[in-house]
Structures are given as C-alpha cells and as structure tokens.
Amino acid sequence: MTGIDGAHAVVTGGGRGIGAAIASALSRAGARLTLMGRDEATLAAQAARLPGDADVAVLDVADEQAVHDAFDRANARFGAIHVLVNNAGRAGAAAFQDITLDDWTRTLAVNLTGAFLCSRRVLPAMLEAGRGRIINVASTAGLKGVPRIAAYSASKHGLIGLTRSLAVEVARSGITVNAVCPGYTETDMSELAVTTIMASGRSREQAEAALARSNAIGRLVQPAEVAAAVVWLCSDQAATITGQAIVLGGEV
C-alpha cells in the first residue's frame with residue numbers, strides 16, 4: 001500500500017466508540033471514509049464531524065445482501081476500497097446456562113460472520129490491485145477465557161482464527177490482515193461490564209476499579225489508542241506485519 005492519504009477506508013460500526021475513533025484517525029491521516037452500521041443518524045452525525053470526505057451506508061453486517069448493497073454504494077461513491085476495518089460488534093453478559101440460542105447465534109453472526117462477509121466483499125479488488133489492509137477489532141477475550149461472556153469470547157476467538165488464516169492465504173499479494181485486541185476500553189461496552197460487576201453487590205467505584213485492574217496497564221484503554229494502532233497497521237511502516245493479534249492494554 002502506498003500510504004493512507006487518499007485511500008478509501010470502510011469502518012463498520014463506525015458511528016460511535018472505537019469505530020468512531022478509528023474513522024476520525026483515518027480521516028485525519030487523509031483517507032476518504034465510508035462509515036457502515038445500523039443507525040443512519042449516528043453514522044451521519046459522525047461523518048459530519050470528520051475533517052475529510054465521508055459517506056455512510058446502513059447495513060446489518062450479518063446480512064449478505066445488505067453487505068453486498070452497502071459495498072456497492074461505497075464503491076460507487078469513493079471507488080475501490082483500500083482499507084477495511086471490521087469493527088461492528090455485539091456483546092452481552094450471562095452465565096453460560098442462561099445464554100439463549102438466539103443470543104449465541106446473533107453474537108457469532110455479527111462478530112464473526114459479519115467480518116467474513118465484509119472481507120470477502122473487498123478482497124477481489126484488493127487482490128487485483130496488489131495492495132490492501134484488513135483490520136479486525138477483536139478483544140483480549142479472544143485470547144483467553146472470560147466468565148459470563150462465552151458467546152462474545154467464542155466469537156472473538158473465531159475472529160482471530162479468521163485473521164490468521166486469511167493473512168497466510170494472501171500474504172504474498174500485498175495485503176495484510178491483522179487483529180487488534182483491546183482490553184477493557186472506555187466505551188458503551190465497558191459500561192455493560194460495570195453493570196454486570198455491580199450485579200454481584202459491588203459499588204460502581206469498585207466495579208470501575210476492577211475493570212481497570214483487569215488491564216495490565218492499570219486503567220481502561222482509550223478508543224483513540226486503539227485508533228492509533230489501526231492507523232499504524234495501515235501505514236507503509238507496517239507492510240510486513242500480518243496475521244497478528246495485537247494486544248492493547250497489556251499482556252493477556
């Protein structure tokens with residue numbers, strides 16, 4: 001890849017949290033952005049905040065036809081896609097025996113099948129161009145077992161496996177495929193974790209402190225820190241980095 005400036009980048013789940021931070025960082029680096037997600041108003045508000053060219057496309061990443069249509073729109077607006085960030089995600093907390101089949105299926109559909117469908121959609125053009133970056137936003141929960149989030153953890157383990165397998169498959173084609181694996185990050189999802197901890201009888205302060213301690217750095221990861229790692233993986237300096245699951249927040 002010849003740099004981020006002028007590249008067309010797609011960020012799924014790009015309207016808020018980590019996805020919004022990634023979109024902002026890529027836009028500041030000169031990329032043209034297509035933000036994808038389920039909430040058009042949220043996506044449009046984030047697109048309006050970006051310093052560079054941006055468009056939005058509404059989709060459910062687990063719906064094959066919706067993915068096809070959204071990427072057609074993106075291609076028509078800004079041309080071939082050089083960077084794909086699979087950030088759209090779904091989380092939930094429950095004891096294993098309380099996870100319903102619907103919850104299990106939907107979590108894997110969004111977190112894993114969505115990344116598969118979006119990656120498959122951009123790969124032919126990347127192969128033809130001989131360049132590209134695919135970055136999957138996974139989690140430290142994809143590298144270790146975590147109680148009460150079995151479906152989420154399983155989906156992120158699968159996403160890392162997908163990352164590593166695809167990376168090897170396209171390694172000689174000028175395309176890199178990597179995963180970033182943040183520990184607990186200051187987003188809406190961390191609020192869900194706080195609520196879950198509080199259900200065990202601890203105060204909010206105790207719950208927030210427990211989350212911070214779970215990261216080796218002793219604090220929550222910031223979305224901008226995840227975004228900085230993604231921008232680096234898109235750069236020329238990271239051209240030899242592929243098939244990696246990069247932990248943010250400390251060792252697992």
Side-chain angles (χ1 to χ4, degrees), residues 11-25 28 37-39 42 45-46 49 85-100 103-104 106-108 110-112 115 135-160 163 178-233 244-252:
V11 180
T12 69
R16 61 182 182 176
I18 290 173
I22 291 170
S24 294
R28 290 194 301 272
R38 296 173 63 88
D39 186 331
T42 299
Q46 174 59 15
R49 288 190 285 266
V85 182
N86 286 309
N87 170 73
R90 183 180 191 271
F96 182 81
Q97 64 269 26
D98 295 329
I99 299 172
T100 67
D103 285 340
W104 173 269
R106 183 61 183 161
T107 299
L108 266 68
V110 173
N111 295 354
L112 181 54
I135 300 166
N136 298 319
V137 179
S139 167
T140 52
L143 295 165
K144 64 180 180 179
V146 181
R148 299 184 62 84
I149 57 168
Y152 179 80
S153 184
S155 70
K156 296 301 187 178
H157 273 78
L159 184 58
I160 291 170
T163 299
N178 290 288
V180 291
C181 302
Y184 282 109
T185 304
E186 195 169 339
T187 65
D188 293 345
M189 286 190 181
S190 68
E191 180 61 26
L192 173 63
V194 167
T195 301
T196 300
I197 294 171
M198 289 173 63
S200 68
R202 282 180 275 186
S203 68
R204 169 168 288 275
E205 291 74 18
Q206 290 170 325
E208 290 174 346
L211 279 191
R213 285 195 304 272
S214 71
N215 291 339
I217 59 175
R219 63 171 176 82
L220 296 182
V221 178
Q222 296 301 306
E225 294 172 316
V226 183
V230 170
V231 170
W232 176 71
L233 287 170
Q244 301 305 302
I246 299 173
V247 174
L248 305 175
E251 295 296 326
V252 176

Side chain to side chain contact (heavy atoms under 4.5 Å, CB included) between I22 and I135, worked out: CA-CA 11 Å; I22 291 170; I135 300 166; over 6 Å; no
Closest contact, heavy atoms only, A21 versus A227: O-CB, 3.4 Å
Over all atoms of both residues, closest heavy-atom pair of I160 and A138: CG1-CB, 3.9 Å
From M198 atom CE to E205 atom CD, the distance as rounded to the nearest 0.5 Å: 8.0 Å
Pairwise distance CD1(I18) to CD(E225) - rounded to 0.5 angstrom: 10.5 Å
Shortest non-hydrogen contact between V11 and G19, atoms and distance: CG1-O, 3.7 Å
Point-to-point distance, once rounded to the nearest 0.5 Å, from NZ of K156 to CD1 of I149: 10.5 Å
Q46 versus G14, closest heavy-atom pair with distance: CG-O, 3.5 Å
Approximate separation, where rounding is to 0.5 Å, of W232 CH2 and N178 CG: 8.0 Å
Evaluation steps, side chain to side chain contact (heavy atoms under 4.5 Å, CB included), between V221 and V226: CA-CA 8 Å; V221 178; V226 183; 3.9 Å; yes
Neighbour count >12 (heavy atoms, 6.0 Å) for atom CZ, R16: no
Minimum heavy-atom distance G17-P223, with the two atoms named: O-CB, 4.1 Å
Interatomic spacing from CZ in R213 to CG in L211 - rounded to 0.5 Å: 9.5 Å
Over all atoms of both residues, closest heavy-atom pair of A150 and W104: O-CZ3, 4.0 Å
Enclosure of E186 CD (heavy-atom neighbours >12, cutoff 6.0 Å): no
Gap separating the CG atom of N111 from the CZ atom of R90, nearest 0.5 angstrom: 8.5 Å
Electrostatic pair R148-D98, nearest N-O below 4.0 angstrom: no
Any donor-acceptor pair under 3.5 Å from H157 side chain to A141 backbone: yes
Criterion side chain to side chain contact (heavy atoms under 4.5 Å, CB included) against N136, the qualifying member of N86, L112, N87, V180: N86
